[in-house]
Amino acid sequence: MTDGRTDGLRKRVFIRTYGCQMNVYDSDRMTDVLRPLGYALVDTPEQADLVVLNTCHIREKASEKVYSELGRLRATKLLRQSAGGDLTIAVAGCVAQAEGAEIVRRQPAVDIVVGPQAYHRLPELLAQVARKAAERRDGGVRRPGAGVLDTEFPAESKFDHLPPPGIVRAGSAFLSIQEGCDKFCTFCVVPYTRGTEYSRPVAAVLQEARTLVAAGALEITLLGQNVNAYHGEASDGATWTLGRLIRSVAEIPGVERIRYMTSHPRDMDDDLVAAHGDVPQLMPYLHLPVQSGSDRVLEAMNRGHNRDLYYRLIDRLRSVRPDLALSSDFIVGFPGESDADFDDTMRLVADVGFASAYTFMYSRRPGTPGAALPDQVPDNVKAARLAALQALIGSQQRAFNESKAGATMPVLFAEAGRKPGQVLGKSPWLQSVYVEGEAALVGRIVDVRVDDAYGLSLSGRVAAGVPFEAAA
Ligand code: SF4
């Protein structure tokens, strides 16, 4: 996707983003860092002078996928060089952090390896690459460059060095308020690739929120690997939790929707639960990963909560916000997971009722304690459990969507739909909603009457009496 701001920009950058919304946010911030250097976003690596792979390490074999992509980019680079040009290749994100110098050893075409905490140093790293290229040219020899590397966890925050955010997509923006994690779930690489928990100061977050609203954001999604562990310092030295921060973001004129992700059941304090009842802009949708319904497995995962805590939390949330829709993450086939453990997960899903969920088969991630555990579950068993879980959640999602048929709800329109004349938006419950309508709907919140509900989406029409209502 281009950023539509190419005026006066002479160089071109293509960023491929893998993984979660934190990475989407980071890619946007890298775009912000590169823009003053003259870089405009382009849609393909072939159009670019600089390609950045913003990688994710959450899945097994993630790094292998990155290496095959790098192989393709190397071919483009060599072709470019044989015609007297060049292509700079950078690897960013969690694979960069986890593999470091190994990336340049395995693929010498890579010029830059930059960890998630060092994006503000991209200009310096690009300058180093340019210096090396000039030295090679002066020496009259075209040798593969030894890439430059920055995968430190610096003492100072990258946020102090990043420029103000420039990207708001169709009325919606991400705002990173927290990074890293101290929880060390035994299946997860985040504490190793993103470091320990860090919360941005309150003033910086609120300033960024105001900047985003001025740039057209109606909806702000507060992001963090463990977002509800937020404990930002206010200017008076007090520590603010996420609930308090949400209340202040809600006071910024123009903020119509607030969401946050990803949260941990252990960090849902009373104030945050209460915010779901008394902050009207906080959307009635919460992604709250539980991972398993078995206490035995939750303990082996080092989740720090049990099934009962999750149930009680859901009850508290629904008592303040009865229309709250829930989403979660589930891992099936964690080492040692028995049929009885899996039955507990199915029971939890049946008891809670989810509007959507992300479901995964456990895969070993090198360097995590889970990878070394005995009793790895065979792949065929994992696959059967995953299919059963997905069938149950799929039926709940459909039922939830069907419960909205006939309702009128505000929809934030995000983009053109796949069919001509169709526009796609998001309901308060984060459902995809399609209507026949004009592109002018994009970036606006408009009431929609829902006519039909499907497994993964809703369709409807702009409500009667609202500007943009389709002609009969
Ligand atoms: S709380 Fe989340 S980010 Fe932290 S280790 Fe567990 S799964 Fe990973």
Side-chain angles (χ1 to χ4, degrees), residues 18-26 54-60 62-63 93-98 115-117 153 174 176-200 221-232 241-242 259-269 272 286-307 309-310 313-314 326-337 341 345 348 354 357-373 389:
Y18 301 82
C20 65
Q21 265 130 341
M22 292 291 287
N23 268 16
V24 175
Y25 177 85
D26 281 346
N54 190 10
T55 60
C56 169
H57 201 261
I58 209 82
R59 304 253 69 83
E60 193 182 32
S63 49
C94 292
V95 172
Q97 188 66 45
Q117 306 308 321
F153 288 114
F174 295 127
S176 181
I177 63 167
Q178 181 278 336
E179 285 209 324
C181 181
D182 296 340
K183 297 211 165 41
F184 290 91
C185 299
T186 53
F187 54 82
C188 183
V189 291
V190 165
Y192 310 99
T193 57
R194 295 274 178 160
T196 53
E197 270 176 28
Y198 165 79
S199 294
R200 293 179 69 189
T221 302
L222 305 173
L223 291 180
Q225 263 95 28
N226 228 193
V227 71
N228 57 339
Y230 180 79
H231 53 278
T241 57
L242 181 60
R259 303 181 186 276
Y260 63 92
M261 71 183 300
T262 294
S263 40
H264 193 292
R266 255 167 70 187
D267 294 319
M268 293 295 299
D269 62 22
L272 183 54
L286 176 62
H287 182 69
L288 189 62
V290 63
Q291 308 295 359
S292 170
S294 156
D295 284 347
R296 219 174 60 83
V297 173
L298 288 170
E299 197 176 335
M301 288 175 164
N302 192 34
R303 289 287 293 170
H305 65 85
N306 58 18
R307 187 175 54 177
L309 181 143
Y310 196 79
L313 194 47
I314 300 303
L326 286 156
S327 157
S328 192
D329 290 343
F330 292 92
I331 295 174
V332 299
F334 189 77
E337 183 190 72
D341 292 322
T345 297
L348 180 138
F354 290 93
Y358 299 93
T359 53
F360 308 95
M361 287 197 281
Y362 173 73
S363 65
R364 291 175 177 201
R365 286 143 215 181
T368 60
L373 286 175
L389 181 61

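Both counts, for ligands and for their atoms, begin at 1 and track the order of listing.
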### Query
Please, which pairs that meet salt bridge (Lys or Arg N to Asp or Glu O under 4.0 Å) have at least one residue in residues 181-191, sequence neighbours excluded?
Lys183-Glu197, Lys183-Asp267
### Query
Listing by chain and number, what protein N/O/S atoms are under 2.8 Å from atom 4 (Fe) of ligand 1?
Cys181 SG
### Task
Check whether any side-chain heavy atom of Leu288 lies under 4.5 Å from a side-chain heavy atom of Ser327, and answer yes or no.
no
### Sequence-distant partners of Arg259, side chain to side chain donor-acceptor pair (under 3.5 Å), two or more places apart
Glu219
### Message
Could you work out, with side-chain contact (heavy atoms from CB on, under 4.5 Å) as the rule, every residue matching Ser328, not counting sequence neighbours?
### Response
Val290, Tyr310, Phe330, Phe354
### Task
Go through the steps to decide whether Asn228 and Ser263 satisfy the test side-chain hydrogen bond (donor to acceptor under 3.5 Å, both in side chains), and finish with yes or no.
CA-CA 5 Å; Asn228 57 339; Ser263 40; 4.5 Å; no
#### Entry: Test of ring centre spacing under 6.0 Å for Tyr230 and Tyr260
no
### Query
Atoms of ligand 1 less than 4.0 Å from Phe187 heavy atoms?
7 (S)
